[in-house]
Amino acid sequence: MEYTTLGKTGLRISRLGFGGIPIQRIDAEGTSKLIDRMQEAGINYIDTARAYTVSEEYLGKALKGRRDQFVLATKCRAESKEQFSAGIDTSLKMLQTDYIDLYQFHNPSVEDFEALTAPGGALEAMLEAKAAGKVRHIGITAHSLEVFRRALETDWVETIMFPYNIVESQGADLIDACQKKNIGFIDMKPMAGGAIEDKTLALRYVLSNPAVTVAIPGMAAGEELEQNIAASANTQPLTEEEKKACEEVRAQLGSDFCRRCNYCAPCTAGISIPSVFLFAGYLERYGLADWAKDRYNSMAVKADACVECGECEPRCPYHLPIREKMKKAAQEFAGLD
């Protein structure tokens, strides 16, 4: 396992980290087994969030008795001082710890960024928590380039998390700027939310960039963990063959695809929007019609239930035409019957 320093935090971490979103799909016992294997492999960086339902709770149980073996990061979306302070305390309770190595402002919009840095905003709670030893370092996560830029201009941001992968390199210049300013760069969506089929190539692409401090693919299954451990072992520059394969992935995916961040939720009709797009992607991009149809048909609420209210679209950080894509998916799957 390769290790590096997380920017100005000084924390020594593995370049392959653990993204805690998917463990919502398993249980506390399964989470503990994943942590066991991570510890064996030398993965010591864990990321979760208040918004990831049971993730903090499961990780808190799994880390009991070995908390000091890991660098633990979590995050909260609250903007006011009172709400954010309460969020920190809840994270401490769920994670069964008296300190959090890295606490992050979770995906604020430009307007949210203004609010959290204003008097009485969440930043005051964060700084007080840091002074009290509850939080050791401060970071921010973003899907917006403008928020990324603003974060780079502050003096209190120690880490920035942003999507970066084979098909999403829009933040490349800002990622380089992080390295120059000694701000740790945490890469979310290294596999484009599951859209990139070749997971090994996806991780190779990300970790071959020295400006990426750590990549945090989400993992819930042992097979995923083993695959990522193997892929992260090689951080040498990409070969010409791998570069060609990356170009093929870009040509195939383009930019109009769902990253499964789930910020579009909740759907007023109860549709799992990312699931519809995931299955449609397997149908459209990989020709796995039977596989995709079986999983689509298992959904309790399908794409044809969309009432086109449009409430999801302003919440999508990638500005996808969700209603249009939902209608297309419904038609495609209906055509398989």
Side-chain angles (χ1 to χ4, degrees), residues 6-9 17 19-21 45 47-52 73-80 83-84 87-88 91 100 102-118 121-123 125-127 135 137-193 195 206 209 211-218 255 257-265 274 313-320:
L6 184 59
K8 62 181 73 173
T9 71
I21 294 180
Y45 186 83
D47 177 87
T48 182
R50 280 272 64 243
Y52 301 164
T74 190
K75 43 197 175 292
C76 180
R77 286 183 185 165
E79 296 166 25
S80 74
Q83 291 174 333
F84 202 84
I88 292 172
S91 289
I100 293 166
L102 176 66
Y103 210 90
Q104 303 155 104
F105 294 105
H106 193 173
N107 190 34
S109 64
V110 173
E111 295 75 22
D112 294 339
F113 190 88
E114 297 293 339
L116 69 87
T117 55
L123 180 58
M126 182 79 93
L127 294 174
V135 168
H137 301 283
I138 301 172
I140 190 167
T141 79
H143 287 80
S144 158
L145 282 170
E146 180 57 30
V147 173
F148 195 156
R149 292 189 187 95
R150 292 196 182 204
L152 277 169
E153 296 167 0
T154 70
D155 58 1
W156 46 265
V157 168
E158 299 174 81
T159 67
I160 297 174
M161 183 192 296
F162 193 79
Y164 172 70
N165 53 61
I166 293 172
V167 290
E168 293 180 276
S169 58
Q170 67 272 20
D173 290 344
L174 299 180
I175 295 169
D176 289 342
C178 281
Q179 187 178 40
K180 291 173 184 174
K181 299 185 75 168
N182 198 27
I183 293 173
F185 177 71
I186 303 162
D187 179 40
M188 70 165 105
K189 314 292 184 193
M191 296 161 187
V206 168
N209 183 346
V212 174
T213 312
V214 57
I216 54 167
S255 60
F257 66 94
C258 175
R259 282 77 166 179
R260 299 172 66 197
C261 64
N262 207 39
Y263 292 131
C264 55
E313 292 185 358
R315 297 195 289 258
C316 176
Y318 302 100
H319 312 294
L320 295 179

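Numbers here simply count residues along the sequence, with the first being 1. Note that these values count all heavy atoms, side chains included, but never hydrogens, waters or copies made by symmetry. This structure is a prediction, so every number in the text was calculated from the model and none was measured.
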How close do [X] and [Y] get, heavy atom to heavy atom, and via which atoms?
X: F185; Y: A211; answer: CB-O, 3.7 Å
X: A151; Y: I140; answer: CB-CG2, 3.6 Å
X: E79; Y: A115; answer: OE1-CB, 3.6 Å
X: V110; Y: S144; answer: CG2-OG, 4.4 Å
X: G171; Y: L145; answer: CA-CD2, 3.8 Å
X: G87; Y: C76; answer: CA-SG, 4.1 Å

Starting at [atom1] of [X], measure out to [atom2] of [Y] and round the result to the nearest 0.5 Å.
X: Y263; Y: C316; atom1: OH; atom2: SG; answer: 11.5 Å
X: T159; Y: Q104; atom1: OG1; atom2: CD; answer: 5.0 Å
X: M188; Y: T141; atom1: CE; atom2: OG1; answer: 5.0 Å
X: L174; Y: I160; atom1: CG; atom2: CD1; answer: 8.0 Å
X: L102; Y: M161; atom1: CG; atom2: CE; answer: 7.5 Å
X: K75; Y: T48; atom1: NZ; atom2: OG1; answer: 6.5 Å

Do [X] and [Y] have side chains that approach each other closer than 4.5 Å (heavy atoms only, starting at C-beta)?
X: I183; Y: K8; result: yes
X: P274; Y: C264; result: yes
X: T117; Y: R150; result: no
X: H143; Y: K189; result: yes
X: R50; Y: F84; result: no
X: L6; Y: I186; result: yes
X: S91; Y: I88; result: no
X: T74; Y: Y103; result: yes

Main chain of S109, side chain of D112: is a donor-acceptor contact present, judged purely on distance under 3.5 Å?
yes
According to the interplanar angle, ranging from 0 to 90°, do the rings of F148 and F162 count as parallel (below 30°), tilted (30 to 60°) or perpendicular (above 60°)?
tilted
Show your working on side-chain contact (heavy atoms from CB on, under 4.5 Å) between V147 and N107 and close with a plain yes or no.
CA-CA 9 Å; V147 173; N107 190 34; over 6 Å; no
Aromatic ring proximity F113/F105, centre distance under 6.0 Å
no
Would you indicate whether N182, at its atom CG, is surrounded by more than 12 heavy atoms from other residues, nucleotides or ligands within a distance under 6.0 Å?
yes
Charged N to carboxylate O below 4.0 Å: is that the case for R149 and E153?
no
